[in-house]
Student: 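This is the structure I want to talk about, given as structure tokens.
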Amino acid sequence: MWRDASVSAIVAGFLSALINFAGPFLIVLEATRAAGLDEAQTASWVWALSIGNGVCSIALSLFTRIPVIVAWSTPGAALLIASLGGFSFAEAVGAFLVASVAAAVVGYTGWFGWLLARVPSPVLQALLAGILLPFVVSAAGAFASAPLIAGSIVIAFFLGKRFVDRYAVLAALIVGLAVTWATGSFHAFAPSLTLGGPVVTMPAFTPAALVSIALPLFIVTMASQNAPGLTLLHSQGYEPNDRLLVGSVSTVSAILAPFGCHGINLGAITAAIALGPESHPDLGRRYIAGLAGGCTYLLVGSFGGVLVAGFRTVPTETVSVLAAVALLGSALAALKGAMGGDGRAGLAALTTLAVTMSGVAVLSVGAAFWGLVAGGAVHMILAPRRERESKEAPMIT
């Protein structure tokens with residue numbers, strides 16, 4: 001492991017966690033407020049998510065030698081903001097537990113992997129591109145509000161790509177933080193969460209909570225997080241064991257549900273930073289990024305309030321541009337994969353890309369799921385007549 005360690009991989013893993021805490025974490029905090037949690041329960045929620053992410057990332061990265069980045073369900077947290085208001089926290093915890101157990105069953109049985117294997121590769125690559133590209137495109141807005149910070153990060157990144165390819169993201173991080181400090185753009189440091197340990201909430205199970213919280217949370221987590229997470233691993237040349245990854249991560253999520261964990265899953269957006277070529281040119285040495293990201297999560301989980309508040313002092317412009325340059329390699333690879341294949345696959349992939357990038361949400365389910373459905377439907381509609389008939393014909397034994 002020590003021979004495989006590299007500065008670029010460690011930085012990539014750290015960045016994957018930093019961007020999670022500086023960006024999507026705000027949605028999690030908003031969900032805790034929607035649930036009416038006190039400070040101790042909020043700190044427990046943070047602890048459960050961070051410890052779950054850290055333990056799974058480290059254990060699975062070491063066991064598989066693949067950079068496994070585990071993250072909390074950001075779409076799930078967004079869903080909870082609107083759905084937690086009418087339920088007690090005990091009912092919400094019961095729904096978290098049921099959703100995680102269902103995800104574990106689907107993962108361990110291989111049903112989820114079997115279903116993904118039936119989706120054409122260009123469609124899956126377009127799904128991934130549709131998730132990553134909005135983060136790259138939206139970073140352009142930082143040039144209007146903070147041109148000096150955004151410009152310095154972009155210039156440092158491309159100069160790094162030109163002269164020290166492996167350390168381009170590190171150069172962008174150092175220059176970005178330095179310019180942010182020099183311009184006085186850091187937010188005030190004001191920790192609001194306690195450093196206390198986990199708080200147990202006994203789950204309560206009600207039909208209304210299972211239908212309103214557990215079912216949509218299960219669908220969103222599997223379709224918008226685990227599916228792109230597995231697709232990302234495949235796109236980088238890995239052959240992940242979907243049963244092991246989805247099943248074990250969902251099991252840990254279920255164990256941590258009584259402490260406030262609404263759901264952890266395979267990372268997609270932040271994982272792309274650790275899995276891309278900027279982490280390390282050697283696929284076999286990128287797992288160090290998974291270890292670094294996991295250690296960062298464990299550190300934050302142990303010192304919740306202070307470190308989370310520290311991450312939140314970084315302004316949005318710095319975070320968004322750093323995320324954009326770190327995701328460029330993975331977004332490019334996904335686009336290349338989406339445009340491969342014949343005309344039918346290309347149209348299906350383009351449909352998936354358009355729907356996913358639209359951000360549309362129907363029935364509380366995000367655009368990633370509907371993009372996958374739309375692309376798969378187009379691929380089936382355009383299938384040659386003989387191919388469809390061969391699939392529909394019964395097998396003779």
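Note that the structure is a prediction, hence the values are computed from the model and not measured.
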Student: Nearest 0.5 angstrom please: Leu217 CG to Ser100 OG, how far?
Tutor: 7.0 Å
Student: What pairs of donor and acceptor atoms, side-chain ones from residues 150-158 against any protein atom, are under 3.5 angstrom apart with sequence neighbours left out?
Tutor:
| residue | atom | partner | partner atom | Å |
| --- | --- | --- | --- | --- |
| Ser152 | OG | Leu148 | O | 3.1 |
| Ser152 | OG | Ile149 | O | 2.8 |

Student: Could you report the tightest heavy-atom contact between Ser253 and Gly263, atom names first, then the distance?
Tutor: OG-CA, 3.4 Å
Student: Mind listing the closest non-hydrogen atom pair of Ala292 and Ala9 along with its distance?
Tutor: CB-O, 4.4 Å
Student: Mind listing the closest non-hydrogen atom pair of Gly52 and Leu256 along with its distance?
Tutor: CA-CD1, 3.4 Å
Student: Is the shortest heavy-atom distance from the side chain of Thr64 to the side chain of Asn241 under 4.5 Å?
Tutor: no
Student: Under a 4.5 Å cut-off applied to non-hydrogen side-chain atoms, are Thr201 and Pro258 in contact?
Tutor: no
Student: Please report the interatomic distance CG(Asn53) to SG(Cys261), rounded to the nearest 0.5 Å.
Tutor: 7.5 Å
Student: Determine whether a donor-acceptor pair (N or O, by modelled atom type, separation under 3.5 Å) exists between the side chain of Ser61 and the backbone of Ile58.
Tutor: no
Student: Establish, for the pair Arg243 and Tyr108, whether the NZ or CZ atom is under 6.0 angstrom from the six-membered ring centre and no further than 45 degrees off its axis.
Tutor: no
Student: Quick check: do Leu49 and Tyr297 have side-chain heavy atoms less than 4.5 Å from each other?
Tutor: no
Student: For Leu353 and Leu133, what are the C-alpha separation, side-chain angles and deciding distance, and is it a side-chain contact (heavy atoms from CB on, under 4.5 Å)?
Tutor: CA-CA 9 Å; Leu353 180 66; Leu133 281 175; 4.2 Å; yes
Student: Tell me, please, which residues at least two apart from Asp242 pass side chain to side chain contact (heavy atoms under 4.5 Å, CB included).
Tutor: Leu230
Student: Check whether Arg286 reaches the backbone of Pro67 with its side chain - one donor and one acceptor, N or O, closer than 3.5 Å.
Tutor: no
Student: Can a donor-acceptor pair be found, under 3.5 Å and without considering hydrogens, that links the side chain of Gln236 to the backbone of Leu233?
Tutor: no
Student: Quick one: are Cys56 and Ile264 in side-chain contact, heavy atoms under 4.5 Å?
Tutor: yes
Student: Which pairs pass ring pair (Phe, Tyr, Trp, His ring centres under 6.0 Å) with one or both residues in residues 222-261, sequence neighbours excluded?
Tutor: Trp47-Phe259
Student: Check whether Trp111 and Leu245 end up in the same hydrophobic cluster, where Ile, Leu, Val, Met, Phe, Trp and Tyr are linked by side-chain heavy atoms less than 4.5 Å apart.
Tutor: yes
Student: Answer with yes or no whether the hydrophobic clustering places Ile213 together with Met202; edges join I, L, V, M, F, W, Y residues whose side-chain heavy atoms lie under 4.5 Å apart.
Tutor: yes
Student: If I take atom CD1 from residue Ile381 and atom CG from residue Leu347, how far apart are they, to the nearest 0.5 angstrom?
Tutor: 11.5 Å
Student: Ignoring hydrogens and geometry, is there a side-chain-to-backbone donor-acceptor pair from Asn265 to Gln225 under 3.5 Å?
Tutor: no
Student: Using the rule that Ile, Leu, Val, Met, Phe, Trp and Tyr join whenever any side-chain heavy atoms are under 4.5 Å apart, tell me whether Phe63 and Val246 fall into a single cluster.
Tutor: yes
Student: When the ring planes of Trp45 and His262 are compared, do they come out parallel, tilted or perpendicular, using 30° and 60° as the limits?
Tutor: tilted
Student: Do Ser235 and Leu232 have side chains that get closer than 4.5 Å, going by heavy atoms?
Tutor: yes
Student: Quick check: closest heavy atoms across Gln125 and Ala338, and the distance to 0.1 Å?
Tutor: CB-N, 3.5 Å
Student: What's the shortest heavy-atom distance between Thr352 and Gly375, and which atoms?
Tutor: OG1-CA, 3.0 Å
Student: Look at the side-chain heavy atoms of Ile, Leu, Val, Met, Phe, Trp and Tyr, link any pair under 4.5 Å apart, and say whether Val70 and Leu244 land in one connected group.
Tutor: yes
Student: Taking atom NE2 of His280 and atom OG of Ser8, what is their separation to the nearest 0.5 Å?
Tutor: 5.5 Å
Student: Does any part of the side chain of Val123, heavy atoms only, come nearer than 4.5 Å to the side chain of Thr351, both counted from C-beta?
Tutor: no
Student: Which heavy atom of Arg285 sits nearest a heavy atom of Ala5, and at what distance?
Tutor: NH2-O, 3.5 Å
Student: Compare all side-chain heavy atoms of Ile66 with those of Leu60 and state whether any distance is below 4.5 angstrom.
Tutor: no
Student: According to side chain to side chain contact (heavy atoms under 4.5 Å, CB included), who are the partners of Ala103, at least two apart in sequence or on a separate chain?
Tutor: Phe218, Met222, Ser250
Student: Leu97: which residues meet the side chain to side chain contact (heavy atoms under 4.5 Å, CB included) condition with it, sequence neighbours left out?
Tutor: Val101, Pro203, Phe205, Ala254, Ala257
Student: Do Thr206 and Leu210 have side chains that get closer than 4.5 Å, going by heavy atoms?
Tutor: no
Student: So how far is it from Ser57 OG to Leu291 CG, rounded to the nearest 0.5 Å?
Tutor: 9.0 Å
Student: Donor-acceptor pair, distance only, cut-off 3.5 Å: does the side chain of Thr356 make one with the backbone of Gly130?
Tutor: no
Student: If you group Ile, Leu, Val, Met, Phe, Trp and Tyr whenever their side-chain heavy atoms sit less than 4.5 Å apart, what else falls in with Leu332?
Tutor: none
Student: In terms of hydrophobic clusters joined by side-chain contacts under 4.5 Å, are Leu177 and Leu159 together?
Tutor: no
